[in-house]
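In what follows, a single structure is set out as structure tokens and then discussed.
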Amino acid sequence: MGTLEVIMRILLIEDNIILAKLLRTYLLEYFRVDGVDTLEEAKEYIFRFNYDVILLDRNLHGKDIGLDLIKNIKNKSSITGIIVISAYD
């Protein structure tokens, strides 16, 4: 009997192109990764798909979107893990 491999699905929300590419390249070795760089795209992906983990840049394109987006994520799925990443001062 074969084993079924379950691959975690991650949403990467990051507007720094270099950092997003670095993270995505590494994560794709182990996980299924979707990447977006705008609030609108993030909301669309969160609505359409179920994620095990979301890596969230708190400050997208100069706007602090973190706390509001976390509320949206948790309203959809209380079990989705959220890791906030930011260079925000």
Side-chain angles (χ1 to χ4, degrees):
M1 178 183 229
T3 60
L4 178 64
E5 183 177 340
V6 177
I7 297 177
M8 291 179 63
R9 188 168 192 169
I10 295 175
L11 177 61
L12 172 61
I13 306 170
E14 173 60 64
D15 62 345
N16 180 303
I17 296 169
I18 295 169
L19 180 56
K21 184 175 181 177
L22 175 71
L23 289 170
R24 186 177 170 97
T25 300
Y26 175 76
L27 292 170
L28 278 172
E29 291 186 38
Y30 306 98
F31 309 104
R32 180 172 180 184
V33 180
D34 296 324
V36 299
D37 68 351
T38 68
L39 177 59
E40 294 76 24
E41 287 178 312
K43 287 181 178 179
E44 180 182 332
Y45 275 70
I46 290 164
F47 176 75
R48 290 179 58 204
F49 303 105
N50 293 316
Y51 291 99
D52 298 294
V53 175
I54 296 178
L55 296 175
L56 168 63
D57 179 359
R58 181 176 171 179
N59 186 28
L60 282 183
H61 302 290
K63 291 181 73 176
D64 185 352
I65 56 90
L67 295 179
D68 288 335
L69 196 54
I70 289 171
K71 289 177 190 173
N72 289 345
I73 295 164
K74 289 302 182 177
N75 283 338
K76 180 176 182 214
S77 172
S78 63
I79 63 169
T80 298
I82 301 170
I83 300 171
V84 178
I85 54 176
S86 188
Y88 188 67
D89 291 330

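Atoms considered below: every heavy atom in the structure, side chains included; atoms not considered: hydrogens, waters and symmetry mates.
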Tabulate below the donor-acceptor pairs under 3.5 Å that side-chain atoms of residues 8-18 make, not counting sequence neighbours, or state none.
unit_1	atom_1	unit_2	atom_2	d
R9	NE	D34	OD2	3.0
R9	NH2	D34	OD2	2.8
E14	OE2	N16	N	2.8
D15	OD2	H61	N	2.5
N16	OD1	I18	N	3.1
N16	OD1	L19	N	2.8

Look at the side-chain heavy atoms of Ile, Leu, Val, Met, Phe, Trp and Tyr, link any pair under 4.5 Å apart, and say whether [X] and [Y] land in one connected group.
X	Y	result
L28	I83	yes
V53	I85	yes
L23	V33	yes

Compare all side-chain heavy atoms of I54 with those of I46 and state whether any distance is below 4.5 angstrom.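 Side chain of I54 against side chain of I46, heavy atoms only: contact under 4.5 Å found.
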Within the 4.5 Å heavy-atom criterion, are L27 and L55 side-chain neighbours or not?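 Side-chain contact under 4.5 Å: yes.
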Nearest atoms (heavy-atom pairs only) where T25 meets K21: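 For T25 and K21, the tightest heavy-atom pair comes out as OG1-O, 2.7 Å.
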OG of S86 to CG of N59: how many Å apart, nearest 0.5 Å?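 Atom-to-atom, S86:OG and N59:CG are 5.5 Å apart.
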Qualifying side-chain hydrogen bond (donor to acceptor under 3.5 Å, both in side chains) pairs with a residue from residues 36-45, counting only residues at least two apart or across chains: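 Only T38-E41, E44-R48 qualify under side-chain hydrogen bond (donor to acceptor under 3.5 Å, both in side chains).
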With sequence neighbours excluded, tell me which residues meet side chain to side chain donor-acceptor pair (under 3.5 Å) with K76.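 Listed in chain order: N50.
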Check: residues 65-75 side-chain donor-acceptor pairs under 3.5 Å, at least two apart:
unit_1	atom_1	unit_2	atom_2	d
K74	NZ	S78	O	3.1
K74	NZ	T80	O	2.5
N75	ND2	K71	O	3.2

Can you list everything that forms a ring-ring contact (aromatic ring centres under 6.0 Å, His included) with Y30? Sequence neighbours excluded, please.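 For Y30 the ring-ring contact (aromatic ring centres under 6.0 Å, His included) partners, ignoring immediate neighbours, are Y26.
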